[in-house]
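These numbers come from the heavy atoms of this one structure, side chains and all, not from hydrogens, waters or symmetry mates. Residue numbering restarts at 1 for every chain, and letters A, B, ... go by the order of the sequence lines.
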Number of protein chains: 2
Amino acid sequence: MISLKQLHYALAVEKNLHFKKAAEACNVSQSALSTAITELEKQLGMTIFERNNKKVLVTDEGHVVLSKAKRVKLEVDELLQLASADQKPFSNTMTIGVIPTIGPYLLPKVLPEIRKIYPEFKLKIIEEQSHVLVDMVRNGDIDSAILALPFAIDGLMSFEFWQEDFYWVSHKDECSSQLQEITSEELEIEKLMLLKDGHCLKDHALAACSLQNKKQNSDFDSASLHTLIQMVAGKLGSTLVPQMALDQLIYTESELRAIHLNEPGPHRRIALIIRPNYVRTKEITLLKDIFHDELMKKCIV
Amino acid sequence: MISLKQLHYALAVEKNLHFKKAAEACNVSQSALSTAITELEKQLGMTIFERNNKKVLVTDEGHVVLSKAKRVKLEVDELLQLASADQKPFSNTMTIGVIPTIGPYLLPKVLPEIRKIYPEFKLKIIEEQSHVLVDMVRNGDIDSAILALPFAIDGLMSFEFWQEDFYWVSHKDECSSQLQEITSEELEIEKLMLLKDGHCLKDHALAACSLQNKKQNSDFDSASLHTLIQMVAGKLGSTLVPQMALDQLIYTESELRAIHLNEPGPHRRIALIIRPNYVRTKEITLLKDIFHDELMKKCIV
DNA sequence: CAATTTAATCAAATTTACCTATCGAAAAAT
DNA sequence: ATTTTTCGATAGGTAAATTTGATTAAATTG
């Protein structure tokens with residue numbers, strides 16, 4: 001029967017591509033690690049590491065086995081966590097990823113409440129684009145991620161806690177002041193400025209307008225909503241902003257107007273995603289409820 | 001560091017609820033197993049088994065940890081499989097579940113081809129309803145399942161290989177012979193006979209007609225499509241049949257007519273589902289392609 | 001109350017794991 | 001061309017762990 005130790009050692013070798021360094025990283029002698037690897041390879045009936053005395057490299061089959069070994073290790077780690085973090089929720093650190101078009105608008109609304117209810121809870125936030133976060137959740141690098149759906153999250157589970165529409169934001173001087181709603185047909189697409197490719201907000205905004213990525217003003221593809229808003233304030237064009245960002249972006253700029261985009265919605269749905277079999281699901285659903293409640297309280301319409 | 005052996009022993013105790021029997025099942029002495037369990041509990045800092053000298057029972061936290069241990073074991077088994085079954089696809093037995101409204105119509109069309117291409121391949125088929133199969137895939141009891149979508153498969157991955165519409169099947173005497181198409185509005189819903197609850201075919205058929213489960217003739221909720229067809233032949237009413245079943249059901253009964261149901265479709269999508277991280281994905285996609293090709297060849301329209 | 005069953009415990013034997021030291025090959029330095 | 005360094009494999013000795021078999025204590029059964 002193979003052992004976890006063997007897998008642990010093998011993963012260390014993969015990381016260092018060096019038996020001595022791997023051994024040090026594992027706090028064992030090089031010889032102990034060396035025999036463990038040899039024994040593992042014998043038991044599996046295959047070669048994981050191609051090694052002459054100067055180079056170590058991973059075989060093709062080795063890569064496959066090692067990636068499975070990572071998964072085993074992940075599951076074991078979760079088992080240990082299960083046993084220790086035992087019962088008491090929010091006693092261990094949790095790392096959650098969030099995309100740039102949600103983080104700055106959602107987190108200020110919800111983090112104070114979380115700190116209030118669970119003062120012991122250590123929450124670490126990272127910010128990346130959706131596809132990066134999805135990979136990280138799959139790998140177990142992070143506990144969960146907050147994304148806007150629709151997005152391809154095959155094999156993951158989602159807990160939706162909010163859905164919202166887009167608002168068309170323009171300069172007061174450049175739109176008739178009576179308008180209460182606007183449809184995509186009434187938008188001057190050529191003047192529309194959106195985030196640069198890779199941000200799901202752009203895809204969702206275009207989808208809400210039933211547009212493919214073709215016509216809007218791509219000279220100004222921007223890196224952040226804040227920049228976009230500054231450009232709108234500078235009368236360079238207009239943009240679309242999700243509801244949860246309105247308060248921060250618009251109401252600090254009295255020159256701007258936000259008008260509801262009247263297209264069938266919701267235009268994006270916000271969800272926490274986790275791996276299936278993830279062990280801290282209970283905490284995630286508690287978070288989900290807090291997120292939902294705080295958004296209901298603090299989002300302007 | 002905990003070991004796989006400990007987890008293995010613990011799972012044996014869970015299964016037998018008896019240290020001696022568990023020890024025999026593991027081919028070790030009772031004392032060896034006993035100390036291993038004690039050590040595991042010490043390392044995890046919790047009690048897994050509540051045991052006085054006459055009874056063994058699993059604690060609440062124990063259940064949680066043991067279910068995680070099962071998952072670890074599953075992943076390790078897959079790792080071993082990866083190493084051995086290595087390289088040569090279709091050399092190991094594979095178990096696939098299929099629902100009753102697909103199996104009898106799909107398998108005769110595809111199994112001969114599979115036997116021809118991969119004569120060594122041992123494929124075991126089980127037949128259950130969708131929700132059972134989904135659970136079995138999640139648990140790793142079976143390698144994959146063939147289902148009709150839409151169906152709730154959160155956390156699983158799907159490979160769709162076919163989509164099809166329903167056909168309205170009635171007795172020749174009971175419908176005008178010129179009809180080429182029929183819409184749900186033209187259907188006499190009260191005479192419509194469907195499978196009994198629990199079969200996703202019923203849900204898909206009703207969804208195709210934009211109906212909730214309310215009006216159709218539920219006196220005849222049947223257990224199989226073959227029975228339904230016999231009842232249609234007996235002039236007890238009409239029914240809806242998926243395309244892939246037409247050849248077997250209808251063209252052996254010359255008294256019947258099948259007419260395409262003209263509602264926006266496809267009315268159901270057929271897919272292979274697997275757990276994410278499942279190791280034999282390559283074989284599944286090969287199967288998927290065979291399924292698709294054979295259906296294209298052999299399905300009548 | 002004796003007989004039986006069961007899990008824990010103990011001591012002894014066995015197996016395994018690990019460390020140090022060494023080797024031999026290959027690469028780098030001189 | 002020679003020496004030195006680097007690297008992974010290997011051997012031998014020792015410590016640690018595991019396993020076994022016997023024993024114990026508690027609970028159940030007849």
Side-chain angles (χ1 to χ4, degrees), chain A residues 1-63 65-66 69 72-73 76 80, chain B residues 1-63 65-66 69 72-73 76 80:
Chain A
M1 190 190 279
I2 65 169
S3 72
L4 294 177
K5 192 174 53 184
Q6 290 170 319
L7 299 183
H8 182 68
Y9 289 175
L11 289 173
V13 173
E14 182 193 28
K15 199 191 246 169
N16 296 287
L17 291 179
H18 195 294
F19 276 57
K20 189 80 195 302
K21 286 178 197 161
E24 275 162 21
C26 297
N27 288 314
V28 292
S29 71
Q30 172 262 318
S31 103
L33 181 136
S34 202
T35 38
I37 298 284
T38 310
E39 177 66 11
L40 175 65
E41 290 183 320
K42 189 177 136 201
Q43 286 169 323
L44 294 182
M46 63 178 289
T47 307
I48 300 176
F49 301 105
E50 206 90 60
R51 46 197 188 277
N52 49 48
N53 298 9
K54 211 65 202 175
K55 269 197 197 71
V56 177
L57 48 98
V58 183
T59 63
D60 288 348
E61 320 91 87
H63 275 117
V65 168
L66 287 170
V72 171
K73 197 159 129 50
V76 171
L80 295 173
Chain B
M1 190 191 278
I2 66 169
S3 71
L4 293 177
K5 191 174 54 185
Q6 291 170 318
L7 298 183
H8 183 67
Y9 289 175
L11 289 172
V13 173
E14 182 193 28
K15 199 190 240 169
N16 296 287
L17 290 179
H18 195 295
F19 276 57
K20 189 82 193 304
K21 286 178 197 161
E24 278 161 19
C26 296
N27 290 312
V28 292
S29 70
Q30 172 263 318
S31 95
L33 181 136
S34 202
T35 46
I37 298 283
T38 310
E39 176 63 17
L40 176 64
E41 290 184 320
K42 188 178 137 204
Q43 287 171 323
L44 295 182
M46 61 177 290
T47 308
I48 301 176
F49 301 105
E50 206 89 61
R51 47 197 188 277
N52 49 47
N53 297 9
K54 209 64 201 179
K55 269 197 197 72
V56 176
L57 49 98
V58 183
T59 63
D60 288 348
E61 319 90 86
H63 276 116
V65 169
L66 287 170
V72 171
K73 198 161 127 50
V76 171
L80 294 173

Distance in angstrom units between Glu50(B) CD and dA7(C) C1', rounded: 14 Å
Is a donor on one side and an acceptor on the other found under 3.5 Å between the side chain of Gln43(A) and the backbone of Ser3(A)? no
Rounded to whole angstrom units, what separation is found between the CD atom of Glu24(A) and the P atom of dG8(D)? 11 Å
To the nearest 0.5 Å, tell me how far Thr38(B) OG1 sits from Lys42(B) NZ. 10.0 Å
Does the Thr59(A) side chain pair with the main chain of Ile48(A), one donor and one acceptor, at a distance under 3.5 Å? yes
Rounded distance in Å - CG (Leu40(B)) to P (dA17(D)): 16 Å
Which heavy-atom pair separates Ala69(B) from Leu7(B) by the least distance, and what is that distance? CB-CD2, 4.1 Å
How many Å lie between CD on Glu41(B) and C1' on dA7(C), as a whole number? 12 Å
From CG of Leu57(B) over to C1' of dT6(C), roughly how many Å is that when rounded to an integer? 14 Å
Minimal non-hydrogen separation, Leu11(B) against Leu66(B), with atom names: CD2-O, 3.6 Å
Would you mind reading off the distance between His8(B) atom NE2 and dT18(D) atom C1', rounded to a whole angstrom? 16 Å
Note: Lys73(B)-Glu14(B) ion pair, threshold 4.0 Å (strictly below): no
Within this structure, what is the NZ-to-P distance between Lys21(A) and dC7(D), rounded to whole angstrom? 7 Å
Rounded to the nearest 0.5 Å, what separates atom CG in Leu40(A) from atom CE in Met46(A)? 8.5 Å
Hey, is the side chain of Ser34(A) poking within less than 4.0 Å of OP1 or OP2 on dG8(D), counting only N and O atoms? no
Under 4.0 Å between a side-chain N or O of His18(B) and OP1 or OP2 of dT5(C)? no
Nearest whole angstrom, please: distance from the C1' of dC7(D) to the NZ of Lys20(A). 9 Å
dT6(C) phosphate, OP1 or OP2, under 4.0 Å from Arg51(B) side-chain N/O: no
Sugar-phosphate means primed atoms, P, OP1 and OP2; the rest is base. With that split, encode nucleotides 13-19 of chain C 5' to 3' as B, S or - using protein heavy atoms under 4.0 Å. ----SSB
